[in-house]
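I have placed the structure first, in the form of structure tokens, so that the comments after it can refer back to it.
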Amino acid sequence: MAGFRTVIAMDAFDGGLNNKYEPQILANNEAQAALNVVFDDLGGVQTREGHTLLNTQAVNTNVCDGLFTARWNGGNESMVAFFGSDMFVLSGTTFQTVPSGQGVFTTGVTKYAAMYQNIMFFGHAGTAYKYDSNKALYRHGIEAPSAATNGGTRTAGGALVGDYHYKLSYVNTQVVEGNVGTGSSTLVATALGEWMLVTGIAVPAVSFGVNTKYLYRTYANSGISGTYYFLTSLPASASTHSDVTASSSLGASAPADNGKPPAYSYLKHHQERLFFVETSTNPQYLWYSELGNPFTVKSTSFIKIADGDGEKITGLAVQGNSLVVLKEGSIWLIEMPDTDPASWRRKKADSKYGCASQNSVVEFENLIMFLGQKNFKVTGFYALQGTTISPDGATITNISQDATVLTSTNIISDSKSDKIEPDIFLIQNSYKASTVAIQFDNKIWAALTYGASQTTNNRIYQFDFIRRDKSRASGSWVPFTGMSAKAFTVYDNKLYFGSSASDGKVHRANNGTYSDNGTAIDSYFQTKEFDGGKLERHYEKDFRQANFSVETLGNWLMRVHWFIDSDKGTGDGVDVNLNPGSSLWGTFVWGSASWGGGQTRKDVKVELGQASGKRVSFKFTNKNTVSQAFKVVRGNVYYNRRGLR
């Protein structure tokens with residue numbers, strides 16, 4: 001039975017990949033298959049931009065274990081990179097070694113960093129460091145002197161008599177004092193009027209970052225366990241001191257609890273403190289520095305986050321006034337109405353998921369994205385708001401506080417990555433901790449290890465979180481290949497990634513070209529299967545023509561394929577010329593070429609021949625050719641309805 005001429009509109013292609021559901025039931029703007037594409041604000045789909053090497057000269061033959069941008073108070077920036085056992089800082093397009101950061105790090109151990117008080121702090125393998133705007137690298141915490149002072153010659157001409165003991169403390173370059181070391185042996189002044197030559201005063205290693213030293217002494221005959229009082233300030237290099245000071249002239253007592261930070265793996269800055277996670281010895285402890293003082297941590301400045309539950313802390317984030325503590329199987333919030341720890345309140349969220357990777361935690365809009373897991377198995381990417389993992393389109397009630405308790409909403413377990421669940425299950429669980437993510441240009445870039453037998457990050461998933469479909473659900477996902485990233489940073493408003501391959505290189509993403517360091521970008525987008533809607537779904541159709549609005553990106557061809565009724569082959573296809581209709585920049589030849597801007601967009605007609613069936617889908621590609629790209633803005637397909645089959 002002959003039908004009538006009908007049009008199916010393809011008004012946008014920005015729904016991203018949805019390979020969980022059957023192609024015919026997807027939203028009109030979703031793709032059943034997509035790779036290496038991005039979307040514009042009008043819903044068009046196009047080939048992503050490529051990447052180029054930042055440092056054409058490799059620093060060594062190692063994986064990038066950390067990439068960080070230190071933003072200094074003066075407005076300038078430093079890109080810091082870790083490869084193998086060494087630390088580097090960018091100068092132009094060359095990474096220069098940080099002299100005191102050579103041969104001190106463990107290859108393969110990820111470095112995490114945070115900025116506070118114009119200093120970059122980071123922990124590594126039991127030792128914490130600070131790096132300042134003068135490109136000086138020192139220990140983060142203030143070491144207590146390991147060697148006790150000992151006695152020298154007693155000589156007449158002073159004001160001492162009796163038994164004395166001495167202790168020493170270090171003061172860092174920020175004029176913050178650490179704990180005192182062990183007490184000296186007993187030094188005896190046998191007669192009134194002697195002075196004491198104190199020798200064996202510890203000289204700190206340069207890496208300790210000691211600016212000066214404070215020497216303390218007991219009152220006469222108070223014993224080695226007596227109170228120690230300030231005696232004098234000494235240069236860092238001093239190893240002796242002539243003590244002629246009477247007890248009545250001693251100063252304040254020595255600090256009792258100016259300890260250094262724990263052997264943290266990662267940290268977070270919040271409310272004028274640094275918070276530390278010590279993952280080896282006490283993996284359920286959250287430590288914090290003194291208010292406004294990131295260098296010292298008291299022995300009592302920690303919070304047990306479900307101590308003994310068998311779950312390590314795996315992530316930290318900030319949500320409003322709350323510090324979010326993500327563990328392997330649960331999520332906790334510490335509400336901080338002010339800076340007084342006595343008023344902080346701890347609350348376990350109702351989340352059924354834990355966090356698989358600290359580096360996957362990204363704060364964006366009013367949400368926190370993280371790679372989640374259940375029973376230590378990766379289950380997807382989740383967005384946390386308040387104490388609730390938010391579903392698309394849901395209204396969330398944030399955490400609230402009354403005089404005594406915290407209240408929170410119930411958990412809703414919808415994942416932000418539900419549409420790409422088949423891909424999620426191909427993330428290699430053994431390497432989930434290597435997953436790293438960053439926000440850049442209203443998108444989240446997540447690099448991970450994908451596919452059986454893979455052992456390094458070999459794929460990126462871009463989450464375009466500003467997309468909205470008709471149900472107001474947010475976000476679209478697309479996988480990127482050809483980009484092996486172990487670390488991300490934004491430097492000079494551009495996105496960079498350190499290589500997960502053992503090549504000692506850093507790359508700039510989104511570089512304005514359509515090639516990955518000279519390699520083709522395999523870019524394609526295959527639409528859903530269009531059937532004309534519920535009333536037309538079961539009718540046989542003659543698909544005769546499609547029209548697409550395309551951008552004229554360059555003097556090359558893109559390919560348009562069409563598939564009838566779930567054809568799993570290559571379908572039929574034609575090439576579309578994307579020449580703008582005039583000479584491209586740099587190719588104009590006087591006397592034989594036309595000059596002018598040419599068309600930036602044109603409509604192309606694709607004749608579908610004798611294509612008959614119930615459903616049709618289209619695939620756009622750049623023909624996997626270096627320096628070529630496609631962009632399709634919208635389209636229509638026309639058919640004649642025949643009859644039920």
Side-chain angles (χ1 to χ4, degrees), residues 9-17 29 31 33-52 462 464 476 478 480-482 509-527 530 543 545-563 570-589 592-609 611 616-638:
M10 293 172 275
D11 292 329
F13 302 100
D14 59 350
L17 177 64
N29 65 339
L35 187 69
N36 290 317
V37 295
V38 293
F39 312 108
D40 67 13
D41 292 338
L42 299 177
V45 59
Q46 71 179 84
T47 301
R48 68 164 173 84
E49 293 182 6
H51 61 83
T52 50
Q462 188 183 86
D464 191 342
S476 61
V478 174
F480 293 169
T481 55
N510 279 17
N511 67 351
T513 73
Y514 297 113
S515 119
D516 290 336
N517 289 325
T519 301
I521 301 171
D522 186 10
S523 172
Y524 58 81
F525 180 97
Q526 185 173 355
T527 69
F530 294 98
F543 297 102
Q545 177 183 314
N547 291 81
F548 297 102
S549 180
V550 300
E551 295 280 353
T552 51
L553 299 179
N555 188 20
W556 58 72
L557 304 176
M558 66 171 283
R559 187 80 171 171
V560 179
H561 297 261
W562 59 92
F563 305 82
T570 59
D572 294 306
V574 297
D575 288 337
V576 174
N577 193 334
L578 299 184
N579 192 321
S582 63
S583 291
L584 301 178
W585 180 257
T587 67
F588 179 80
V589 179
S592 62
S594 299
W595 183 258
Q599 293 176 283
T600 59
R601 181 179 297 178
K602 65 181 179 181
D603 292 331
V604 296
K605 181 172 67 173
V606 176
E607 298 288 353
L608 305 181
V616 63
S617 70
F618 296 91
K619 182 178 181 180
F620 317 119
T621 84
N622 70 337
K623 305 184 69 172
N624 195 16
T625 304
V626 67
S627 299
Q628 291 189 186
F630 72 85
K631 180 173 181 179
V632 182
V633 180
R634 62 180 62 87
N636 294 314
V637 58
Y638 301 90

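Just so it is clear, the values below take in all heavy atoms, side chains as well, and ignore hydrogens, waters and symmetry mates. Only a predicted model underlies this, so the values are computations on that prediction, with no experimental measurement involved.
Heavy-atom minimum distance, V550 versus M558: CG1-SD, 4.2 Å. The two atoms that bring N624 and A520 nearest to each other are O-CB, 3.5 Å, heavy atoms only. Summarising the geometry of T570 relative to H561, their closest heavy-atom pair is O-ND1, 3.1 Å, with the distance given to 0.1 Å. The heavy-atom pair separating W562 from A611 by the smallest distance is NE1-CB, 4.3 Å. Shortest non-hydrogen contact noted between F480 and V38 is CZ-CG1, 3.9 Å. The two residues N579 and N577 have their closest heavy-atom pair at N-OD1, 2.8 Å.
Atom NZ of residue K619 and atom CD of residue Q526 lie 6.0 Å apart, to the nearest 0.5 angstrom. In this structure, CG on L35 lies 8.0 Å from CZ on R48, to the nearest 0.5 angstrom. From Y514, atom OH reaches atom CH2 of W556 across 6.5 Å, with rounding to the nearest 0.5 Å. If you take CZ on R559 and OG1 on T621, they are separated by 8.0 Å, rounding to the nearest 0.5 Å.
Looking only at distances, no side-chain donor or acceptor of S549 sits under 3.5 Å from a matching main-chain atom of D603. Judged by distance alone, the side chain of H51 and the main-chain N or O of G482 form a donor-acceptor pair under 3.5 Å. Between the side chain of N622 and the main chain of I521, a donor-acceptor pair closer than 3.5 Å is present. Between the S523 side chain and the N36 main chain, a donor and an acceptor come within less than 3.5 Å of each other.
T527 meets the side chain to side chain donor-acceptor pair (under 3.5 Å) test with no other residue; sequence neighbours excluded. With sequence neighbours excluded, no residue forms a ring pair (Phe, Tyr, Trp, His ring centres under 6.0 Å) with F563. Remark: E551 engages R601 in a side chain to side chain donor-acceptor pair (under 3.5 Å) (not counting sequence neighbours). With sequence neighbours excluded, the residues that form a side chain to side chain donor-acceptor pair (under 3.5 Å) with T513 are N511. Listed by chain and residue number, nothing satisfies the side chain to side chain donor-acceptor pair (under 3.5 Å) test with Q628 (two or more places apart in sequence, or in another chain). Contacts of F548 classified as ring pair (Phe, Tyr, Trp, His ring centres under 6.0 Å), with partners at least two apart in sequence or in another chain: F618, F620.
Looking only at side-chain heavy atoms (C-beta outward), M10 and V632 stay at 4.5 Å or farther from each other. Proximity of F39 to V478: side-chain heavy atoms (C-beta onward) are separated by under 4.5 Å at one or more points. Residues K623 and D575 meet the side-chain proximity criterion, which asks for heavy atoms closer than 4.5 Å. The shortest side-chain heavy-atom distance between F630 and V37 falls under the 4.5 Å cut-off.
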Decide yes or no on side-chain contact (heavy atoms from CB on, under 4.5 Å) for L608 and V637, but give the supporting numbers first.
-> CA-CA 9 Å; L608 305 181; V637 58; 4.1 Å; yes
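For N636 and N547, the side-chain atoms include no donor-acceptor pair closer than 3.5 Å.
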